[in-house]
Structure formats: C-alpha cells, structure tokens
Amino acid sequence: MTTIATTEKAEPARRPRSQILEFMRQQPMGAASFVVIVVMMFAGVFAERVAPHDPLDIDFGGILAPPSWEHWTGTDAFGRDTFSRIIYGARTALIIGFASSFIGSSLGALLGATCAYFGGRVDMVIQRFVDIMLSFPIIVLALVVVAVLGKWQVLGIDINLIFAIAIPIVPNVTRIVRSAALSVRAMPYIDAARTAGYSHLRIICRHMLPNLMAPYLIMLTAYIAQAILLEASLSFLGLGVAEPTPAWGLMLSGNATDFFREAPWMALFPGIAISLAVFAFSLFGDSLRDWLDPKFKV
Amino acid sequence: MFRYVIQRLLLAIPTLIGVAVVSFFLLRVVPGDVVEVKLRGDGGNVSQETIEMERKRMGLDKPLMAQFGDWMIGLATLDLGKSMWTDRPVIEEIAIRLELSLQVAIMASLVAVIIAIPLGTLAALMRGTWVDYVVRLITIAGLSMPSFWLGMLIMLTLLGLFNWLPPITFTPFYVDPKANFTQLIWPAMAVGYRYSAVTARMVRSQLLEVMNEDYIRTARAKGVYEKLVITRHALRNALLPAITVLGLEFAFLIGGLVVTEQVFNLNGIGKLFVQSISRNDFTLIQGMVMMISGFYIIVNLAIDMLYAVFDPRIRYR
C-alpha cells in the first residue's frame with residue numbers, strides 16, 4: 001500500500017517546493033541528515049571565515065593543549081588549532097568525496113547502461129571485468145590505483161586520490177545500474193528510438209540515462225559517504241592527502257596515536273567529524289532511496 | 001557435488017589469468033621501480049651503473065613481454081617468484097603473515113555474527129517501534145565509524161580503564177592462547193562491529209520477508225510456541241542470505257584489514273600490502289593480488305557448498 005502511495009508522490013508533476021516539504025515530513029531522519037550536510041558544506045566553503053585560527057599556524061608555545069575556549073578541540077603536536085583543521089578538513093573531504101563519487105557513479109552508470117543496451121558480447125566482457133574488480137576489497141583496489149597513478153596534483157587537489165577512490169566505485173555502480181537498465185532497455189520507447197534510426201550513443205545518453213536517474217542519484221549519495229571514508233583511510237595510511245593539508249584521516253595518523261596518554265583529544269575529534277559526515281551522507285542516501293524508489297534495494 | 005566443485009574451480013582459471021594479466025601490466029605503467037626506491041629512496045647518491053646492475057639481477061632490464069612470460073610461467077608452476085625488496089620467496093613472505101590476518105578475520109566474523117543476528121532479529125520482530133529505530137542507528141553508526149578510529153577508541157578506553165595497551169608482538173594461538181586472544185580480540189571487535197552492521201540489516205529484511213511465508217502461518221496454526229516458530233522456522237530460512245554476506249565479508253577481510261592492522265601495529269597481510277606498494281615491490285604486490293582473488297574465489301565456492309548443507313532443497317550437480 002505504502003509503495004503505491006510514495007511512487008505517486010514522486011511524480012514530477014508536483015511543484016518542487018511541496019516535494020521538499022513532503023520529503024521532510026516522510027523522512028525526518030533524512031531531513032535531519034541533510035541539515036548536517038548543509039552545515040558541513042557551509043563550513044567547508046567558508047572555512048576562511050568560520051575557522052577561528054589559521055589551520056597551518058604552528059605555535060610551539062602551546063603544543064598538545066587540552067580543549068579550551070581558545071581552542072575548542074585542543075591543539076596538536078605542533079600547537080595547531082585542531083578545530084580549525086577539522087573545519088578545513090571538511091573542505092578536503094567534501095571535494096574529494098563529491099568528485100570521486102561523481103566520477104565513479106557516472107562512469108558506472110554509463111557502463112551499466114551500455115551493458116544493458118548492447119547485451120550479448122559487450123555485456124559479457126564488461127561484466128567479467130566487473131566481476132574481477134568486485135573480487136577485491138575496495139581499499140586494496142584503491143591502493144593499487146594509488147600505486148599506479150603516483151602523485152598527481154592540480155591546484156592543490158590530489159587528482160590521483162580522486163581517481164583511486166572513484167575507480168573502485170565504478171564496478172559496484174555498473175552492476176546496480178545495469179540491472180535497472182535492463183528493464184528500461186525493454187521499454188517500447190527504446191525500440192521506437194532505434195526504429196527512428198538514432199545512433200547508439202544518442203539512445204544511451206538521451207533515452208536510457210535520464211530514466212536511470214533514480215538509481216544513479218541513490219548510488220551517488222551513498223558513495224559520497226564511502227568515498228569520504230576511503231579518503232580518510234588512505235590519508236590515515238599516509239597514501240592519501242599529504243601534510244600539511246588539513247584532512248581528517250591525516251589528523252588521526254602519526255602522532256595522534258603517539259600522544260594517546262597526553263592528548264587523547266587529538267584522536268577523538270577528527271574521528272567524530274569523519275563519522276558524522278559519513279553518517280549524514282549514508283542516512284540521507286538511505287532516505288533518498290526510500291523516497292525515490294521504495295522497491296529499490298542496494 | 002564433486003563434479004560441480006571441479007567445474008567451478010576450472011571456471012576460476014580464466015578469472016585468475018585475467019587478474020594476473022591486469023595486475024602485471026597495471027604495475028608496469030608506474031614510473032620508477034623497486035631499485036630506485038631501494039637505493040635512492042633515502043636520498044643516497046648511487047651511480048647509474050649500480051642501479052642498472054641491480055635491475056639486471058632482478059630481471060627488470062628484460063623486455064616487458066619476457067618479464068610477462070616469466071611471471072605467467074611461474075604462476076603455472078605455482079611459483080610466485082621472489083620479493084624484489086627482501087629477496088625472499090613471495091609465498092614465504094605471505095605465509096608468515098597469513099596466520100595473523102586469518103585469525104583476526106575469523107574472530108571478526110564471529111564478533112559480527114554474535115552482534116548481528118540478535119540485533120537483526122530484534123529489529124525485525126519489533127518493526128516500527130523504537131527498538132527498530134535504535135538498531136537502525138546502531139547499524140548506520142557501524143557503517144559510518146571508520147574501523148581504524150573505532151580501534152583507536154578501544155585503545156583509549158583500555159588505556160583509561162586498565163592503563164594497559166595490547167602488545168605489539170604477535171603470539172601464535174598454539175604458543176599462548178590467552179596472550180593471543182587478549183591481543184587480537186580488540187582489532188577483531190573494531191572490524192567485527194562494522195561488518196555486523198551490514199549483516200544485521202540483512203537479517204532484519206530477510207526475517208521480515210520470511211515471516212510472511214505460508215509455513216510460518218502453518219506453524220503458528222499448529223500451535224507451535226512463538227519462540228520455536230522464530231528460531232526453528234523463520235531464522236533458519238532467513239539466515240541463508242546472511243551467510244552469503246558474512247562469507248563475502250570474510251573473504252574481503254584478508255586483504256581488507258589494511259587500516260586496522262596499521263592502528264594496532266599488527267604485522268599482517270594488509271600491512272605487507274601497504275609496505276610493498278610504497279616500495280614498488282612488483283612481485284610481492286602481484287603475488288598478494290593473486291592470493292586475495294584466489295581466496296575470494298575459494299570462499300565463494302565454500303559459501304555455495306554451505307548453502308547445500310543448510311538448505312537440503314539445494315543440490316549441485
């Protein structure tokens with residue numbers, strides 16, 4: 001019963017504003033997590049205004065200071081204000097999270113739609129490749145890509161890292177989008193487009209992909225969470241973002257563990273930031289899925 | 001059954017060959033090699049001649065196709081070659097670390113089962129109540145907390161409560177079970193909690209589906225105790241998909257412990273992987289990639305076999 005009700009409400013005929021209100025009413029947890037995401041984005045974009053200190057300001061007079069009014073979450077082994085570093089870290093995490101999830105999900109959607117559209121041998125070859133990639137833990141794949149790409153920065157953003165996180169996302173999205181695309185492929189309008197003599201590329205991009213927006217958006221938000229987590233893990237291992245750039249995973253690596261006794265706050269707050277970010281995006285992705293497509297399961 | 005196993009193993013060969021080819025060529029795209037990292041890594045001034053000699057010794061001067069031939073022939077004879085960094089056989093390097101990683105993976109899976117099944121069942125039975133919501137929050141929290149941070153929190157707690165940290169050197173189980181357990185249970189908990197999240201959600205949704213089946217209604221109509229209906233009739237059927245999830249996660253854990261091993265300073269497969277990547281140790285990376293995918297294939301097969309054990313309706317021919 002509820003299934004029918006929600007699909008009806010998701011019809012595009014409704015005005016966008018009432019849809020947002022409807023989303024907030026039906027998915028309160030999703031709306032709450034969206035607020036967290038907006039706050040985080042605000043902090044990331046306006047880090048220069050929001051942060052109380054310069055995240056790179058070294059102060060050897062005040063190293064490992066406990067949380068206080070001056071330094072809300074204490075200072076690290078170089079006397080840098082960790083609260084400011086966490087705020088700037090939001091920028092790093094969001095840029096890498098958005099970019100890699102966008103690249104990974106888009107490539108995956110394109111591949112999935114291509115598989116479903118052509119079927120046969122193309123589908124077989126791509127699916128075998130996807131199977132191979134799926135047989136590796138995401139972090140192992142990411143590490144291999146890091147090894148292959150080496151260090152590659154543009155405007156201070158680690159492009160290699162973005163790809164290292166995007167590539168493991170591709171096979172997962174490919175598989176999910178393909179299964180949704182198979183039913184789109186069977187629609188009469190695809191046959192109509194083929195009869196009209198449109199090119200394959202045009203049919204995939206103009207006729208199939210727009211009808212795969214729901215699974216695509218769901219995967220996109222869900223993988224932003226995974227991408228942020230992966231970026232934190234890679235940075236923690238020392239193979240992601242490099243010092244002195246503020247990044248959450250980096251803040252937890254190295255001397256955070258060395259100063260467990262003296263400064264436990266160094267290990268505490270960046271982890272809360274990571275968890276909160278991933279939590280918000282996962283919950284939002286979850287609610288979005290329930291809202292857009294109740295039958296869809298990942 | 002036996003024929004089916006053989007068939008599946010034969011089908012795995014093309015996959016493994018694919019992995020071997022891809023991992024070989026991907027790594028050769030990398031600029032620089034192990035010799036440069038080894039001899040010039042710490043800024044040492046080494047002549048070009050020495051580097052060329054070292055390359056020659058490792059066979060890195062041979063044309064790409066010849067190296068590829070060596071690698072494939074080695075694989076066919078189950079010889080993964082020698083680590084380019086330590087000169088010890090790759091198999092040996094992996095073997096000494098496998099015990100630790102395998103044990104943590106097994107213990108983490110057990111932790112996941114112990115947490116996931118009661119939580120998932122509880123959430124399904126009390127669907128829509130506050131219990132269901134709390135379980136949902138717990139599981140999403142499990143997916144959100146990086147396991148390495150959870151590991152740090154566990155260590156901080158241990159430090160605060162007992163002023164004690166788990167030892168760094170590994171004690172094998174057969175040497176001293178207690179020391180072994182007190183060392184490895186913490187990383188197993190950090191990883192296990194995360195993995196229990198996926199499984200708990202799986203158990204919940206499966207159980208909800210199964211509870212609508214006819215045989216549940218029949219059992220209730222017969223007057224079977226509700227407790228028995230759930231444990232004997234519903235859970236047994238709902239757990240099959242959970243086994244798949246658990247099995248796949250277990251397969252992933254062997255290589256996927258990378259970050260956790262780093263936090264607890266354990267010398268396992270994951271740590272070896274990170275090390276060999278930062279050292280450009282091609283043969284070791286290739287060997288480990290082969291091992292991880294081989295392990296995945298075998299675990300997958302084992303899951304399918306387990307299915308037949310748990311569900312007598314499934315037969316393999």
Side-chain angles (χ1 to χ4, degrees), chain A residues 29 33 128-129 131-151 222 225-226 228-234 236-239 248-249 252-253 256-257 260-261 264-268 270-283 285-286 297-298, chain B residues 14-16 18-19 22-23 26-32 133 136-137 140-141 143-153 155-156 159-160 163 165 205 248-249 251-259 262-263 265 270-271 273-274 276-278 280 282 285 288-289 292-297 300:
Chain A
M29 294 230 266
S33 54
R128 284 296 79 74
F129 206 71
D131 280 344
I132 291 180
M133 282 175 80
L134 282 177
S135 71
F136 290 98
I138 283 189
I139 183 112
V140 170
L141 267 186
L143 285 174
V144 173
V145 180
V146 165
V148 171
L149 289 180
K151 202 106 197 95
Q226 291 305 308
I228 291 175
L229 201 57
L230 200 51
E231 182 266 311
S233 307
L234 288 175
F236 175 76
L237 289 175
L239 293 167
W248 297 334
L252 287 175
S253 74
T257 34
F260 257 168
R261 267 171 227 272
W265 51 87
M266 272 174 71
L268 201 61
I272 294 178
I274 300 172
S275 309
L276 195 65
V278 180
F279 189 83
F281 276 106
S282 318
L283 205 57
D286 241 37
K297 285 216 180 81
V298 183
Chain B
T15 314
L16 284 175
V19 172
V22 172
S23 64
L26 265 187
L27 287 173
R28 311 293 144 154
V29 182
V30 189
Y133 265 92
R136 191 175 170 192
L137 282 179
I140 300 184
L143 289 176
S144 315
M145 275 201 260
S147 55
F148 62 89
W149 185 58
L150 194 59
M152 286 173 143
L153 287 188
M155 296 223 278
L156 274 179
L159 199 63
N163 202 15
L165 280 180
S205 65
L248 292 183
E249 275 161 12
F252 277 160
L253 274 187
I254 287 300
L257 284 171
V258 179
V259 202
Q262 205 77 23
V263 181
N265 227 325
K271 199 167 186 188
F273 201 84
V274 175
S276 51
I277 277 182
S278 50
N280 276 341
F282 294 159
I285 301 175
M288 295 181 71
V289 165
I292 291 170
S293 70
F295 191 76
Y296 179 83
I297 289 169
N300 251 319

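Quick note on labels: first sequence line is chain A, next is B, and so on, each numbered from 1.
Of the atoms belonging to A:Ala225, not a single heavy atom falls under 4.5 Å from chain B. Looking at B:Phe295, neither its backbone nor its side chain comes within 4.5 Å of chain A, counting heavy atoms on both sides. Contact of A:Leu268 with chain B is made through backbone and side chain together, with heavy-atom distances under 4.5 Å. For chain B, no part of A:Leu230 is nearby; none of its heavy atoms comes within less than 4.5 Å. Residue contact with chain B, scored on non-hydrogen atoms closer than 4.5 Å, involves the side chain of A:Ile139 exclusively. Using a 4.5 Å cut-off between heavy atoms, B:Val289 contacts chain A through both its backbone and its side chain. Only the side chain of B:Leu153 has a heavy atom closer than 4.5 Å to any heavy atom of chain A. Of the atoms belonging to B:Tyr296, it is side-chain heavy atoms, and not backbone ones, that fall under 4.5 Å from chain A. Neither the backbone nor the side chain of A:Phe281 comes within less than 4.5 Å of any heavy atom of chain B. There is no contact between B:Leu16 and chain A, counting heavy-atom distances below 4.5 Å.
Nearest heavy atom pair, residue A:Phe279 against residue B:Ala141, reads CE1-N, 3.8 Å. A pairwise comparison of heavy atoms in B:Phe252 and A:Leu134 identifies CZ-O, 3.2 Å as the closest pair. Pairing each heavy atom of A:Ala277 with each of A:Trp248, the nearest pair is CB-CZ3, 3.7 Å. Nearest heavy atoms, A:Leu141 versus A:Met133: CD1-O, 3.5 Å. When every heavy atom of B:Val259 is checked against every heavy atom of B:Phe148, the shortest pair comes out as CG1-CD2, 3.3 Å. The two atoms that bring A:Ile274 and A:Gly249 nearest to each other are CD1-N, 4.3 Å, heavy atoms only.
Atom CE of B:Met145 and atom CG of A:Leu276 lie 11.5 Å apart (nearest 0.5 Å).
With respect to chain B, the highest number of heavy-atom pairs below 4.5 Å among A:Leu283, A:Leu239, A:Val145, A:Leu237 belongs to A:Leu237.
Here the side chains of A:Ile272 and B:Trp149 are in contact, with some heavy-atom distance below 4.5 Å.
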